[in-house]
Amino acid sequence: SSESRRLPKSSSFFWMSLAVSFASLVLYRLIMHAPIWFDEIIVKAVIFGGPIWLYARRSRQSHSFYGLETNRFWLGAFNGLALGGLFGFVAMIASSYQKTTVFIPGLFQSNLFWGEFALAFATAWWESLFFYGFILPVLKEKSHSEIDALAYTTLLFLLFHLHFSGSSYI
């Protein structure tokens, strides 16, 4: 049937891609000490984006399987901006109680702010796509349980973010 051609016959390719991603990330952290912009934009694109691209080509899943629908993207983007705005508002309130001031409009005119914003966006994009757009739906499909898939995805997220001796966090 066409459905059996769409999905890999076994989960070995999925687990192999995760293992290669993890090993690549560990080796990169132990060996390389590149600038943070390189880590967040280039390395994560290769280590997190590469397996997604390969798996998507092999399984022939639609882009909606990975959560890449236009309406879902904008909903998530606006929710993220709203949450960020809420945190900024809370920070202004908290700073007023500490008798310090945070001049938010001046912050938005800073090149440093926009550089950090771009790095944060790149990090959020690649990690969300990898863990919650790739790993979570594949595990959900394989386990038929949202709770199990979420628990395993969370454990994998924690594993990928362990600090290894001599390495930096990325």
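Values below: every heavy atom of this structure, side chains too, minus hydrogens, waters and symmetry copies.
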Return all side-chain donor-acceptor pairs below 3.5 angstrom for residues 16-24, not counting sequence neighbours, or 'none' if the list is empty.
{"residue": "Ser17", "atom": "OG", "partner": "Phe13", "partner atom": "O", "Å": "3.3"}
{"residue": "Ser17", "atom": "OG", "partner": "Phe14", "partner atom": "O", "Å": "2.7"}
{"residue": "Ser21", "atom": "OG", "partner": "Ser17", "partner atom": "O", "Å": "3.0"}
{"residue": "Ser21", "atom": "OG", "partner": "Ile47", "partner atom": "O", "Å": "3.1"}
{"residue": "Ser24", "atom": "OG", "partner": "Val20", "partner atom": "O", "Å": "2.7"}

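Here the CZ atom belonging to Phe131 is positioned 7.0 Å from the CG atom belonging to Leu156, to the nearest 0.5 angstrom. Taken from CH2 in Trp37 to CD in Glu116, the straight-line distance is 14.0 Å, to the nearest 0.5 Å. With values rounded to the nearest 0.5 angstrom, Leu150 atom CG is found 12.0 Å from Ile135 atom CD1. Between the OG1 atom of Thr153 and the CG atom of Leu139 there is a distance of 4.5 Å, given to the nearest 0.5 Å. Separating the OG1 atom in Thr154 from the CG atom in Leu159 is a distance of 12.5 Å, to the nearest 0.5 Å. A distance of 10.5 Å separates CH2 in Trp126 from CZ in Phe121, rounded to the nearest 0.5 Å.
A chain of hydrophobic side-chain contacts below 4.5 Å, direct or via other Ile, Leu, Val, Met, Phe, Trp or Tyr residues, connects Ile42 to Phe160. Taken together through direct or relayed side-chain contacts under 4.5 Å among Ile, Leu, Val, Met, Phe, Trp and Tyr, Leu25 and Ile31 form part of one hydrophobic cluster. Linking ILVMFWY side-chain heavy atoms closer than 4.5 Å, directly or via other members, places Val46 and Leu30 in two distinct hydrophobic clusters.
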Let's go through Glu127 and Phe157 carefully: what are the C-alpha distance in whole Å and the side-chain angles of both, what is the deciding distance for side-chain contact (heavy atoms from CB on, under 4.5 Å) to 0.1 Å, and is it a yes or a no?
CA-CA 9 Å; Glu127 290 193 7; Phe157 182 87; 3.7 Å; yes
Apply side-chain contact (heavy atoms from CB on, under 4.5 Å) to the pair Lys142 and Tyr152, showing each step before the final yes or no.
CA-CA 12 Å; Lys142 292 184 182 311; Tyr152 290 128; over 6 Å; no
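Between Phe134 and Phe130, the two ring planes are tilted [angle within 30° to 60°].
Residues Arg58 and Leu54 form no side-chain contact, since every pair of their non-hydrogen atoms from C-beta on lies 4.5 Å or further apart.
In this structure, Arg29 and Leu162 approach most closely via the heavy-atom pair NH1-O, 2.9 Å.
At most 12 non-hydrogen atoms from other residues, nucleotides or ligands lie less than 6.0 angstrom from CD1 of Ile147.
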